[in-house]
Structures are given as C-alpha cells and as structure tokens.
Amino acid sequence: MPQLSGGCHCGAARYQFDAALDDCAHCHCSDCRKTTGGIVTTWLTIPQAAFTWLSAEPAHYQSSATCKRWFCATCGCQLALWTSKTPDSLDITVASLDQPEAAPAHRHIWDQSHLSWLYLDPQLPADEREAGVD
C-alpha cells in the first residue's frame, strides 16, 4: 500500500495515509458542487484508521445530518468528508493530494445530478446514486 500525503493550498492543513487506491469516484451531486465550488469533486475512499492529520485538525462542519466535512479555515480548501452511513471510511479530495495523478477515478457517482453540458468519460461506469449510501 502506498503512503500518500496531501494538504490545502496555503499549507496550513496537512495529512497522510497508507491505503489502497481502489475506490475513487467523480461525484456529481449538488452538495459537492456547492461545498467545493467545482463542477465535479473526485473522492478517494480509504479506511479511516489509515488516515492521520499531520497538522492540527483543520476546521470542519456538519454539512448534512450524516456528513462532516473538513476544510482549511485559512484558504478554504476542502480536504475530507466522513459520513455516518459508512463510518469506518473517510473520503479524501483527490485534488488535495500531493500526487493526484496517483488516484485516477474508477467511476462516476450521483450521475443523475451531473451537469448536462459536461461530457462524461464513457469508459467509466456511472451510478445514479452512490451504492450503499442512499
């Protein structure tokens, strides 16, 4: 398993983890668009036990009844998401990795919400929602 690290734009929030890179998805839900400001957010799901903050734990907020999101209070970069629906895992924003090219997406999730003008890679499977998290 590779050890990877990442952090925010300004460098105040840093993390690392040792985990397989086998669950990476482009999310098209409106919550991810609103919280990141991007048209798609790519998430890498890892075991929560494999993850460590290298800096002080960054700011966080409860974005829904089941989700908690961490972000840098200085630069605003969104870093991670935890949901009570899959409590032993953590989602890391691929864009915040030091080496984002190491975590290519395997699928699209919440495809029913994707923007109509966005071209999706037809080689990747697309789920209307996220399996097991509904």
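Keep in mind that what you see is a predicted model, and the values were worked out from it rather than measured.
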What are the two closest heavy atoms between A103 and L44, and how far apart are they?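 Looking at all heavy atoms of both residues, the shortest contact is CB-CD2, 4.4 Å.
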What pairs with A95 under side chain to side chain contact (heavy atoms under 4.5 Å, CB included), at least two apart in sequence or on another chain?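 For A95 there are no side chain to side chain contact (heavy atoms under 4.5 Å, CB included) partners, ignoring immediate neighbours.
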I'd like to check the side-chain hydrogen bond (donor to acceptor under 3.5 Å, both in side chains) partners of S96; sequence neighbours left out, ordered by chain and number.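 Partners of S96 by the side-chain hydrogen bond (donor to acceptor under 3.5 Å, both in side chains) criterion, ordered by chain and then number, come out as Y15, T93.
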Output the distance between atom [atom1] ([X]) and atom [atom2] ([Y]), rounded to the nearest 0.5 Å.
| X | Y | atom1 | atom2 | value |
| --- | --- | --- | --- | --- |
| T42 | H106 | OG1 | NE2 | 11.5 Å |
| I109 | C27 | CD1 | SG | 4.0 Å |
| S5 | D18 | OG | CG | 10.5 Å |
| T36 | L79 | OG1 | CG | 12.0 Å |
| K34 | C29 | NZ | SG | 12.0 Å |

Starting from L81, walk the hydrophobic network (Ile, Leu, Val, Met, Phe, Trp, Tyr; side-chain heavy atoms closer than 4.5 Å) and list everyone else you reach, by chain and number.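 In the cluster with L81 are W43.
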Apart from L115 itself, what residues make up its hydrophobic cluster when side-chain heavy atoms of I, L, V, M, F, W and Y under 4.5 Å apart count as a link, directly or indirectly?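 Its cluster partners, ordered by chain and number, are I39, V40, W117, L118, L120.
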Would you indicate whether the side-chain heavy atoms of F17 and L97 approach each other to under 4.5 Å?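 L97 vs F17: side chains touch.
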Under 4.5 Å between any side-chain heavy atoms of L4 and I92, yes or no?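 A side-chain contact is absent here, since even the closest heavy-atom pair is not under 4.5 Å.
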Quick one: ring pair (Phe, Tyr, Trp, His ring centres under 6.0 Å) partners of H114, sequence neighbours excluded?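 Expected list: H28.
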Would you tabulate the side-chain donor-acceptor contacts of residues 67-77 under 3.5 Å, counting partners in other chains and residues two or more places apart, or write 'none'?
from, atom 1, to, atom 2, distance (Å)
R69, NE, S63, OG, 2.9
R69, NH1, T35, OG1, 3.1
R69, NH1, Q78, OE1, 2.8
W70, NE1, E57, OE2, 2.8

Look at the side chain of H26 and the backbone N and O of H108, then say whether any donor-acceptor pair between them is shorter than 3.5 Å.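 Absent.
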Is the side chain of T83 donor-acceptor paired with the backbone N or O of T66 at a distance under 3.5 Å, no angle test?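 Between the backbone of T66 and the side chain of T83 there is a qualifying donor-acceptor contact (under 3.5 Å).
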Passing candidate, side-chain hydrogen bond (donor to acceptor under 3.5 Å, both in side chains) with T45, options T86, D91, D22: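 Testing each of T86, D91, D22 against T45, the sole residue satisfying side-chain hydrogen bond (donor to acceptor under 3.5 Å, both in side chains) is D91.
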What donor-acceptor contacts under 3.5 angstrom involve side-chain atoms of residues 47-55, with partners at least two apart or in another chain?
from, atom 1, to, atom 2, distance (Å)
Q48, OE1, W82, NE1, 3.4
S55, OG, A12, O, 3.4
S55, OG, R14, N, 3.0

